[in-house]
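All remarks here apply to the structure that follows.
Naming: A, B, ... by sequence-line order, numbering from 1 per chain. FYI, side chains are in, hydrogens and waters are out, and symmetry mates aren't considered; it's all heavy atoms of this structure. None of the values given here were measured: they were computed from a predicted structure.
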Amino acid sequence: MSKKSFRQAINEALRQEMRRDPTVILMGEDVAGGRGGSAGTPDAWGGVLGVTKGLYEEFGETRVLDTPITEASYIGAAAGAAVTGLRPVAELMFVDFVGCCLDQIMNQAAKFRYMFGGKARTPLVIRAMYGAGFNAAAQHSQALYPLFTHIPGLKVVIPSSPYEAKGLLISAIRDDDPVIFLENKVMYDVEEEVPDEPYAIPFGEANLTREGDDVTIVAFGRMVGMANEAADRLAKKGIGCTVIDPRTTSPLDSETILDCVADTGRLVIVDESSPRCNMATDIAALVAEEAFDTLRAPIRRVVPPHTPVPFATVLETLYMPSVEKIEAAVTATMNHRVTEKV
Amino acid sequence: MQIARETLLRSYRAMRTIRMFEERLHVEFATGEIPGFVHLYCGEEASAVGVCANLTDNDTIASTHRGHGHCIAKGVEVAGMMAEIYGRSTGVCRGKGGSMHIADLACGMLGANGIVGGGPPLICGAALSHKTLRDGGVAVAFYGDGASNEGTTLESLNLASVWQLPAVFVVEDNGYGEATAASFACAGTQKDRAAGFGMPYIECDGSDYFAVHEAAGEAIAHARAGKGPVMLHVHLQRWYGHFEGDAMTYRAPNEVAEAKRDHDCLKLFRERVTQAGLFEDSVLDEVDAAVTDEIEAAVLQAKDDPLPQSADLLADVYVRY
Ligand SMILES: Cc1ncc(C[n+]2csc(CCOP(=O)(O)OP(=O)(O)O)c2C)c(N)n1
Ligand SMILES: [Mg+2]
């Protein structure tokens with residue numbers, strides 16, 4: 001056990017799984033970096049943000065494949081390799097680039113098993129960075145997990161901390177279905193204690209990061225940290241919050257969400273993806289349908305507005321959910337007074 | 001081909017403006033005041049300027065993530081660009097886009113682009129507009145060696161040929177896509193790719209403004225005459241990292257120094273025009289001084305300009321909603 005960053009935790013999961021299973025391969029743009037360059041350093045980058053650093057050195061060019069800038073072909077190749085015996089981890093870099101290769105994910109990898117009558121296994125992992133907060137503007141900041149969650153056949157993972165990232169990535173690699181593994185780009189330097197040995201965190205089992213009696217907060221990825229902070233501040237004001245990190249949006253641990261809502265009677269959902277048809281609307285529908293009678297206040301959503309992600313810092317800050325916005329939503333739900341119907 | 005004196009002077013000024021704009025950004029970025037990603041075009045100035053000297057506001061270009069040079073060459077206003085990069089409401093995109101999304105449709109600039117290979121399909125569409133509306137315009141896609149491998153680019157070459165569009169595909173080959181060399185990532189040759197799609201191919205040395213101007217002139221004239229698309233392959237060197245902050249550990253230490261010494265388009269231009277007796281050094285020095293002032297003023301103004309207002313967040317998602 002030692003302190004590791006989100007980046008190191010992901011690197012360690014990849015390294016340990018590649019050591020364990022020779023069919024695990026990596027591919028993507030500059031996952032090694034420097035191939036063909038005049039310095040002769042074919043491990044110059046290890047990914048644009050250094051997440052795969054050192055893996056080329058250990059596993060060589062047959063296991064760590066730098067690709068040309070051709071998402072449609074290499075993401076498709078990863079799907080094709082997955083269904084024929086390899087266990088590829090393909091890095092898409094920014095999740096926004098899925099625009100260039102969605103067919104291979106949505107119409108190919110996701111559907112093999114069902115279309116082929118249960119005869120296919122597609123142990124594919126696609127890693128990508130998501131999220132705003134980097135001034136990366138409209139084409140490099142989206143949080144597209146609802147898009148993937150919408151597609152039957154895909155599993156979707158959003159780790160909220162270094163510990164979560166390692167355990168969930170190991171599960172993703174060992175999983176026999178296609179998994180989209182989304183890393184919040186603002187979190188790579190976040191550190192916490194992470195076990196040195198491999199461990200797997202199962203999909204579809206939510207984690208409660210705070211427990212309290214008054215309000216349930218469901219949050220995803222980076223939003224979990226914000227929800228925790230809001231919960232700690234609110235605790236000082238005497239408001240108890242349970243914070244649920246579902247870990248995976250598909251499968252979704254509905255049971256834990258419903259149980260917690262039954263206990264607290266109030267629900268706030270924090271989701272940094274665009275507000276229409278996102279995880280917040282999905283969970284709101286679930287609770288409205290399954291737990292209507294337990295609700296003591298309207299469900300509140302802390303989500304960005306229905307706009308592309310703006311560039312300027314002032315606008316991006318306004319766009320994003322924040323600890324303050326979560327606190328305000330929790331306070332509003334606490335202040336709600338039920339008016340008896342006559 | 002004879003190039004008019006004022007075209008030469010305008011081109012020199014544009015190249016100098018790009019150089020100073022980028023070098024200044026390099027310095028300012030290091031102070032931490034500029035948000036987001038910045039990709040510098042230094043060393044490649046003659047490509048954008050040599051091509052755009054053959055275009056008017058009626059023609060359309062599409063650019064890349066490394067877009068400042070194309071914007072300046074196509075006539076986008078420098079102060080508005082600087083303000084955009086600083087995220088100010090006075091920016092050409094009102095602070096909504098930043099470096100990677102500078103666009104100015106009024107002067108035929110369809111936008112820098114955050115998506116590699118995003119431009120070539122758009123240029124097929126722009127060329128289709130020019131052709132359908134019979135406005136005499138030509139559409140030019142700038143894209144890198146890395147982008148030349150995207151499916152969108154290769155499909156666009158085919159579409160432009162099938163539709164016989166007035167389009168020019170300018171491959172700006174600086175030898176790298178991020179940290180990966182073109183020699184590793186590009187199979188075959190650009191020339192064979194053009195031939196494969198049945199379009200003429202021209203290549204030139206991108207540090208030689210005159211070579212680019214002539215090659216682009218030929219390509220654009222061909223497209224404008226309704227004879228279909230052309231590929232123009234420009235050989236270049238990039239002087240800075242892929243983005244600001246890239247230590248370039250994949251490049252030999254002397255590679256950039258040699259490029260600066262032997263392939264400086266501004267130095268080569270100056271030598272050529274002064275030796276030919278076209279301009280006195282003092283005339284070019286005056287341009288340099290004027291550009292220095294312009295960039296200084298743009299930076300000071302940008303830093304001083306107002307930030308966007310909260311209402312701007314919700315504005316302009318749609319024309320009407
Ligand atoms: C679809 C897509 N894939 C990957 C990227 C990340 N990326 C940005 S620039 C770049 C390299 C582009 O290389 P090239 O086309 O040669 O242009 P250069 O940077 O050399 O000007 C990459 C891979 C992106 N922005 N979009
Ligand atoms: Mg390049």
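Counting heavy-atom pairs closer than 4.5 Å to chain B, the top residue among Ile69(A), Thr67(A), Asp66(A) is Ile69(A). Counting heavy-atom pairs closer than 4.5 Å to chain A, the top residue among Gly144(B), Ser99(B), Pro308(B), Ser89(B) is Pro308(B). The most heavy-atom pairs under 4.5 Å with chain A, out of Ala185(B), Ala179(B), Ser183(B), Ala181(B), come from Ala179(B). Per-residue heavy-atom pair counts under 4.5 Å with chain B were compared for Asn135(A), Thr317(A), Val48(A), Val309(A), and the maximum is reached by Asn135(A). Considering only heavy-atom pairs separated by less than 4.5 Å from chain A, the leading option among Ser148(B), Ala252(B), Pro253(B), Gly87(B) is Ala252(B).
Only the side chain of Glu255(B) comes within less than 4.5 Å of a heavy atom in chain A; its backbone stays farther off. Residue Ile34(B) does not touch chain A at all, counting heavy-atom pairs closer than 4.5 Å. Ala136(A) touches chain B through backbone and side chain together, each having a heavy atom under 4.5 Å away. Heavy atoms closer than 4.5 Å to chain B are found in the side chain of Cys100(A), but not in its backbone. Heavy-atom distances place no part of Glu316(A) under 4.5 Å from chain B, backbone and side chain included. Thr307(A) touches chain B through backbone and side chain together, each having a heavy atom under 4.5 Å away. Contact of Ser310(B) with chain A is made through backbone and side chain together, with heavy-atom distances under 4.5 Å.
Phe142(B) and His70(B) have parallel rings, their planes meeting at less than 30° on a 0 to 90° scale where 60° marks the start of perpendicular. Below 30°, between 30° and 60°, or above 60°: for His26(B) and Tyr240(B) the angle between ring planes is between 30° and 60°, a tilted geometry.
Side-chain contact annotation: Tyr188(A) with Glu183(A), donor-acceptor N/O pair under 3.5 Å present. Using modelled atom types, one finds a donor on one side chain and an acceptor on the other under 3.5 Å when comparing Asn184(A) with Glu272(A). Side chains of Gln237(B) and Asn174(B): a donor-acceptor N/O pair is absent below 3.5 angstrom, by distance only. Counting only N and O atoms by type, the side chains of Tyr176(B) and Ser38(A) include a donor and acceptor under 3.5 Å apart. Judged purely by distance below 3.5 Å, without hydrogens or angles, the side chains of Gln139(A) and His65(B) never pair a donor atom with an acceptor atom. No side-chain N or O of Asp189(A) forms a donor-acceptor pair with one of Ser5(A) less than 3.5 Å apart. There is a side-chain donor-acceptor pair under 3.5 Å between Arg193(B) and Asn149(B). Using modelled atom types and a 3.5 Å distance limit, the side chains of Asp271(A) and Tyr145(A) yield a donor-acceptor pair.
Nearest approach of Thr153(B) to Gly117(B), heavy atoms of both residues: OG1-CA, 4.0 Å.
Ring pair His68(B)/Phe21(B): centre-to-centre distance below 6.0 Å.
Listed by sequence position, Leu314(B), Val317(B), Tyr318(B), Tyr321(B) are the residues of residues 314-321 of chain B in contact with chain A, using a 4.5 angstrom heavy-atom cutoff.
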